[in-house]
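Just the heavy atoms: all of them, side chains too, but no hydrogens, waters or symmetry mates, feed the values below.
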Amino acid sequence: MQANTFKRAFCAGAVIFAALSPFAVQAEEKKTFDIAWTIYAGWMPWQYADESGIMKKWADKYGIEVNITQINDYVESINQYTAGQFDGVVATSMDALSIPAAGGVDTTALIVGDYSNGNDGLVMKDSADLTSLKGQQIHLVELSVSHYLLAQALDSVGMSERDVQVVNTSDADLVAAFSTDDVRNVVTWNPLLDEVAAMRGAHKAFDSSQVPGHIKDLTIVNSETLADNPNFGKALVGAWYEVMGILESDTEEGAKARAALGQASGTDQAGYESQLKGMKMFWKPADSLAFIESDEAYHAMDSVRQFSFDHGLLGDGADSVDFVGIAMPGDKLLGSDANVKLRFDTTYMQMAADGKL
């Protein structure tokens with residue numbers, strides 16, 4: 001396992017940080033902004049934006065400064081954003097809902113970067129029959145997107161979590177655990193997924209390509225900060241899609257960028273490109289818009305919020321799945337219109353698509 005593997009997990013106590021204030025970051029006009037990111041293939045572009053000078057170029061264009069900081073612990077980075085120490089952070093859609101939004105921090109999904117399209121999966125030993133899981137133990141990081149994927153896998157064959165035994169296992173231990181005789185089933189993400197799937201007798205029985213759009217990777221920002229500082233949103237979105245254009249390209253510059261990000265994430269160019277293949281990357285803003293404005297994205301987010309409520313991730317005060325409102329594009333709403341805390345605002349991605357940044 002790579003030492004800096006991205007931990008796509010939820011910390012049950014994370015929302016306590018939001019209790020510091022109804023809004024962790026009070027709206028104000030300012031010139032300096034901070035965003036945090038953690039290592040995962042879909043978020044590594046922020047490192048390239050920083051080190052290549054592309055972020056500075058776009059920030060200079062709008063007369064602001066954007067500091068990009070790598071945090072080694074994914075959950076901690078979202079905790080720090082929730083507490084107001086950062087203006088933006090990278091997160092999955094489930095964690096954006098269950099940590100800052102559920103904790104009362106009005107949050108905007110500024111960039112929809114990709115969704116997992118095979119990078120998360122369930123691996124079984126000596127069988128690929130999901131129905132045979134009944135009564136068996138499933139090792140995974142509890143309350144993470146792996147847990148969510150398991151629920152989807154079981155539902156696909158008319159089963160539920162009541163039919164299996166979930167065993168909470170650290171991502172640091174999953175590969176070693178699967179190599180033992182006692183552990184028969186694991187759910188995890190890449191690069192761990194590829195490691196366990198390559199073991200003798202292993203069968204990938206279900207992966208995220210079978211639930212497209214459900215595990216979305218986002219760059220989220222504080223809604224009030226964005227409202228008072230639209231140049232912040234313009235600079236971030238402009239820099240992101242310039243980097244996307246480079247990474248997608250079949251050029252020497254693109255190859256060098258992918259090699260650099262592979263090395264930075266503990267692999268190499270081939271390894272990084274392999275991880276990108278397990279994701280549906282939205283290389284162009286029009287691609288991001290087409291997805292997040294679709295019925296597919298709406299229903300996927302509805303499924304994510306239902307799982308989050310059923311597992312207590314919306315907080316002690318959540319008396320129903322509608323407790324937290326989620327504003328989707330096209331004036332569509334999931335949940336309470338009186339408590340909208342997660343917003344998929346396409347304004348800035350649309351500006352990028354229209355060439356107006």
Side-chain angles (χ1 to χ4, degrees), residues 1-12 38-42 73-75 92 94-95 115-212 214-215 217 265-267 271 274-275 277-279 303-304 307-308 310-311 313:
M1 172 189 170
Q2 303 297 340
N4 49 12
T5 296
F6 163 46
K7 299 181 68 175
R8 306 173 95 183
F10 171 75
C11 176
T38 44
I39 287 181
Y40 178 64
D73 187 294
Y74 168 64
V75 171
T92 66
M94 190 172 93
D95 293 328
Y115 63 73
S116 179
N117 196 36
N119 264 357
D120 296 78
L122 186 159
V123 179
M124 302 169 59
K125 280 182 182 170
D126 303 323
S127 174
D129 181 4
L130 291 173
T131 61
S132 70
L133 289 172
K134 190 166 186 175
Q136 293 194 38
Q137 293 184 340
I138 318 290
H139 292 250
L140 50 76
V141 178
E142 196 170 12
L143 303 181
S144 70
V145 291
S146 292
H147 199 160
Y148 175 79
L149 189 70
L150 171 65
Q152 296 298 307
L154 295 172
D155 183 67
S156 73
V157 291
M159 294 169 61
S160 73
E161 289 180 59
R162 293 187 297 272
D163 296 312
V164 300
Q165 181 183 348
V166 172
V167 180
N168 187 28
T169 308
S170 167
D171 60 322
D173 300 327
L174 276 169
V175 174
F178 194 70
S179 68
T180 66
D181 292 337
D182 292 338
V183 177
R184 310 290 300 172
N185 315 288
V186 300
V187 188
T188 188
W189 51 80
N190 268 329
L192 307 182
L193 178 61
D194 285 347
E195 290 188 57
V196 296
M199 291 185 182
R200 186 176 181 179
H203 298 269
K204 189 187 294 183
F206 192 89
D207 68 36
S208 52
S209 68
Q210 294 164 260
V211 284
H214 283 242
I215 303 176
D217 294 324
S265 59
T267 179
S274 176
Q275 291 180 40
K277 290 178 181 177
M279 304 154 66
S303 176
V304 166
F307 175 90
S308 299
D310 291 344
H311 290 77
L313 302 184

Separation between CG (Asn185) and NE2 (His139), nearest 0.5 Å, reads 8.0 Å

Here the ring pair (Phe, Tyr, Trp, His ring centres under 6.0 Å) pairs for residues 149-185, sequence neighbours left out, are none

- Item | Donor-acceptor side-chain pairing of His311 and Glu161 below 3.5 angstrom | yes

Margin query: Would Leu154 and Asp163 count as a side-chain contact (heavy atoms from CB on, under 4.5 Å) here? Give the steps.
Written below: CA-CA 9 Å; Leu154 295 172; Asp163 296 312; 5.8 Å; no

On a heavy-atom basis, the closest approach of Ile39 and Ser265 is CG2-CB, 3.9 Å

Between Leu150 and Val187, the two heavy atoms sitting closest are CB-CG2, 4.3 Å

Rounded to the nearest 0.5 angstrom, the CZ-NZ distance for Arg162 and Lys134 is 10.5 Å

Closest non-hydrogen contact found for Val183 with Ala177 is CB-O, 3.1 Å

CG of Asp171 to OG1 of Thr188, rounded to nearest 0.5 Å, is 7.0 Å

Q: Output, in order, the C-alpha distance, side-chain angles, deciding distance and verdict of side-chain contact (heavy atoms from CB on, under 4.5 Å) for Met94 and Ser144.
A: CA-CA 9 Å; Met94 190 172 93; Ser144 70; 5.6 Å; no

Here the gap from Phe307 atom CZ to Asp155 atom CG, rounded to the nearest 0.5 Å, amounts to 12.0 Å

Would you tell me whether Asp207 and Ser209 have side-chain atoms, one donor and one acceptor, within less than 3.5 Å of each other? yes

Of all heavy-atom pairs linking Lys204 and Ala197, the shortest is CE-CB, 4.5 Å

- Task: Verify whether one side chain among His214 and Tyr115 offers a donor that lies under 3.5 Å from an acceptor in the other.
- Result: no

Could you tell me whether the side chains of Thr131 and Asp129 share a donor-acceptor contact shorter than 3.5 Å? yes

Interatomic distance, CD@Glu195 vs CG@Leu193, rounded to 0.5 Å, equals 10.0 Å

**Asked** Under 3.5 Å, is there a donor-acceptor pair between the side chain of Lys125 and the main chain of His203?
**Response** no

When rounded to the nearest 0.5 Å, the distance separating CG of Asn119 from NZ of Lys277 is 12.0 Å

All heavy atoms of Asn190 vs all of Tyr40, minimum pair found to be O-CE1, 4.3 Å

Quiz item: Any side-chain donor-acceptor pair under 3.5 Å between Asp120 and Tyr148?
Solution: no

query = Strictly by modelled atom types, are Glu142 and Thr169 linked by a side-chain donor-acceptor pair under 3.5 Å?
reply = no

For Phe206 and Val211 the tightest heavy-atom approach is CZ-CG1, 4.1 Å

- Give the intermediate values and the outcome of side-chain contact (heavy atoms from CB on, under 4.5 Å) for residues Leu140 and Val166. CA-CA 7 Å; Leu140 50 76; Val166 172; 3.6 Å; yes

